[in-house]
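Since the model is a prediction, treat every value here as computed from it, not as a measurement.
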Amino acid sequence: MLQFPLVVTTQVDLVLVLVSLLALWTRLSHLSYPNAVVFDEVYYGQFVSLYMKRVFFIDESGPPLGHTILALGAYLGGFDGNFVWNRIGAEYPSSLSVWSLRFLPALCGALCVPLVYLLTLELKFSHLSALGASALLLLDNSLIVQSRFMLLESLLIFFVLLAFFSYLRFHNSSHRVKYMGVFSYLLLVGVASLHTWRLIGDRAVSHLSVCVQCVCRIVCLLVVPVLLYVFWFYVHLTLLDRSGPHDQLMSPAFQASLEGGLSRITLGQPLEVAYGSQVTLRSSVSQPMPCWLHSHKANYPIRYENGRGSSHQQQVTCYPFKDVNNWWIIKDPDRQELVVGSPPRPVRHGDVIQLVHGMTSRFLNSHDVAAPMSPHSQEVSGYIDFNVSMAAQNLWRVNIPHREAESESWKTILSEVWLVHVNTSAVLKLSGVSLPDWGFRQLEVVGEKLFKAHSSSLGWTVEEHRYGTSQEQKEREAELHSPTHIDVERKISFWAKFLELQWKMLTVKQEDSEHKYSSSPLEWVTMETNIAYWLHASTNAQIHLIGNPVSWGVAILSLLSYQLLAAIYLVRRRRGFKDIPDSVWAQYCVCGVCVCWGLGSEFCSLPVDGEDSLPVSLLAGSLLPASAKPRPAGACTHSPAQQSDTPPCAVRVRVDCADVRLLVLLDLLPFDLRHTGAIGQSAASTQVEGLLGHPVPLPLDRHTPQCMKRGV
């Protein structure tokens, strides 16, 4: 029964409050300094401006959540997107709120400190260990620097820490089913699988409880993250509904769904391709660049540089720009008309057609002559009759590989077709090789006999389409030069856009360039390389990302000591000496496997990824003493009775560019294996004093090296 007076009792961790306030102070104070573009703000700011203008873009680095958060801060500050992000050091105008641009990254960076405190407690360490971990994170120069600017690193680290804290809170609270925070990475699934496997083998837990725990882990670690991932792309695609600089990387159907750009041309075009249709054919391949089937009044050379001969017929290429020479006419081989009849006769799957070049009236042709740059493929040409016993072979069969019915018609934008040469069964294909100067450096088109059934380089899509009405050549040329537009809207579904965008993000990459200040993995350990974030042109004030020798040194020594002890224990156990109980040894091995696997996989992945960064690992390893005594409750070990409830001490998460390492050596010791930072005022013989009071020499000629961009 309810009793009065009502009394509420609560417990406040004053240490947690203190480290939180200090974190907010170090990350948020004087946030508008410097009032200029710093380091990768020049990169991320461009995306923020595109968000403000609702212009579509692709960033192959990852999901759009990080960019969306940066854009939210800019929106709250009233930013309209009208700022040119063209160089580091450019002054922000007085009308732009620099504080709002940097606030959300700084807030997330500040929240990382109390999160590490709570995460350490969830790992069953003492409050003193939690204080040590959060204090070292609080004073880490690199994290302070990266948190104070409009960058993604602090957001990334925050969500990684939040994911692990949420999972460990759920795992340690076995008496209730609750998931507090739902951002998960793949490694969490592995850690959860290990916990679940141990739970299934625990006979003390009921069958119902095991089933509930398994379902909760599946929902929270698999289903919910997928839904969140899709949700942020839905927000991204809903906001960015206008044509932008990355349109040409997408399919014609995707482009036509955006306001402006291609949609101004394609909206209202006839849906079904008919005999007499005038079309432009775009290759389904976006690498090396989007291009359209093209021909012009220039012939293949009689002989190539290597001595091989050609047909000397008109060149057919793939041209990466809009041009009147991209227009082709669909012709019925049994009729002479080049206009659409009434009613129009649609072209269907399996029909045999001829393709007539609109501006030169040459028929698209192929024959048993080697292609200029791909000698194992057939040459494709615009047929010219030279009276040399080389008959025309200009019949092409329309193949719609993703058809829903055998008699499906060829549709504008929506249908991807293969054009199969009737005489030789070769398929019209973009080889992607650039032709020499005689081919104006355009891309080679060939007839390919040996092809894979699902090769994307074989597909062609009708992008621009009109029903031809002019039979005479001069009238037809004038018609091809005139624009067509009917205000009828045609959209594709969100799922179609979502799947296409995923594929483009996986396959489209910017060119890699090696910067002269790029660092090697060993330099991350020895702290030989720093990054200049910003340099004032007149006062020589600088912001550098540079190492914290105390935290780095202790962490590296801890890791080496851990491995040495592991080797000693392993040899002694092989000889029959058990210095520590089996349960403690098992936990020690879990820590070691995760630590070594995480660190080793990062170094091994460098030649594959071509990256210049050592991503974050959350390493919770414990240096066990040589004695057989189990560690206290605050340590990473446990008694056999606690084994089923204690999480492994080692986990690893991939995070790029901002690198944080947490290593437990009685306390959790955070450090950055690549670089930490400090803000200072300097002269010609510059020395910047870090937060720990250690002067570090900084060469003034080091400017911004390339850092791989990665999203949340």
Just do the side chain to side chain contact (heavy atoms under 4.5 Å, CB included) check on Leu119 and Leu161 with the steps written out, would you?
CA-CA 8 Å; Leu119 179 62; Leu161 294 174; 4.0 Å; yes
Side-chain touch [X]/[Y], heavy atoms, less than 4.5 angstrom:
X: Leu162; Y: Ser166; result: yes
X: Trp503; Y: Leu499; result: no
X: Leu570; Y: Trp585; result: yes
X: Arg102; Y: Val38; result: yes
X: Leu31; Y: Leu28; result: yes
X: His236; Y: His67; result: no
X: Tyr117; Y: Asp13; result: yes
X: Leu227; Y: Val223; result: yes

For Tyr229, what residues pass the ring-ring contact (aromatic ring centres under 6.0 Å, His included) criterion, not counting sequence neighbours?
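Here the qualifying residues are Phe233.
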Looking at every non-hydrogen atom in both residues, tell me the closest pair between [X] and [Y] and how far apart they are.
X: Leu121; Y: Ser126; answer: CD2-O, 3.8 Å
X: Leu101; Y: Pro105; answer: O-CD, 4.0 Å
X: Met150; Y: Glu41; answer: N-OE2, 2.9 Å
X: Cys112; Y: Leu137; answer: O-CD2, 3.4 Å
X: Leu138; Y: Ile144; answer: O-CD1, 3.5 Å
X: Leu155; Y: Leu104; answer: CD2-O, 4.0 Å

Measure the [atom1]-[atom2] distance between [X] and [Y] for me, rounded to the nearest 0.5 Å.
X: Leu152; Y: Ile157; atom1: CG; atom2: CD1; answer: 11.0 Å
X: Leu111; Y: Phe159; atom1: CG; atom2: CZ; answer: 10.0 Å
X: Gln146; Y: Ser154; atom1: CD; atom2: OG; answer: 8.0 Å
X: Leu70; Y: Leu65; atom1: CG; atom2: CG; answer: 9.5 Å
X: Phe47; Y: Asp59; atom1: CZ; atom2: CG; answer: 4.0 Å
X: Leu72; Y: Phe103; atom1: CG; atom2: CZ; answer: 10.0 Å

When you compare the side chains of Ser209 and Ser206, does any donor N or O come within less than 3.5 Å of an acceptor on the partner?
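No, no side-chain donor-acceptor pair sits under 3.5 Å.
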Between Asp40 and Tyr533, is there a side-chain donor-acceptor contact under 3.5 Å, judged purely by atom types and distance?
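No pair is found: no donor N or O on one side chain lies under 3.5 Å from an acceptor on the other.
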Does the [X] side chain pair with the main chain of [Y], one donor and one acceptor, at a distance under 3.5 Å?
X: Arg148; Y: Thr26; answer: yes
X: Glu122; Y: Leu118; answer: no
X: Arg27; Y: Val145; answer: no
X: Arg573; Y: Ile580; answer: yes

May I have the step-by-step check of side chain to side chain contact (heavy atoms under 4.5 Å, CB included) for Leu22 and Val19, ending in yes or no?
CA-CA 5 Å; Leu22 289 175; Val19 296; 5.5 Å; no
Show the numbers, then the answer: is there a side chain to side chain contact (heavy atoms under 4.5 Å, CB included) between Leu24 and Leu107?
CA-CA 7 Å; Leu24 291 171; Leu107 179 62; 4.0 Å; yes
Look at the aromatic rings of Trp534 and Tyr33 and report parallel, tilted or perpendicular, splitting at 30° and 60°.
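Rings of Trp534 and Tyr33: perpendicular, as their planes differ by over 60°.
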With ring centroids as reference points, do Tyr43 and Phe39 lie under 6.0 angstrom apart?
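No; Phe39 has its ring centre 6.0 Å or more from that of Tyr43.
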In sequence, state the C-alpha distance, the side-chain angles, and the governing distance for Val219 and Val215, and then conclude on side chain to side chain contact (heavy atoms under 4.5 Å, CB included).
CA-CA 6 Å; Val219 170; Val215 170; 4.2 Å; yes
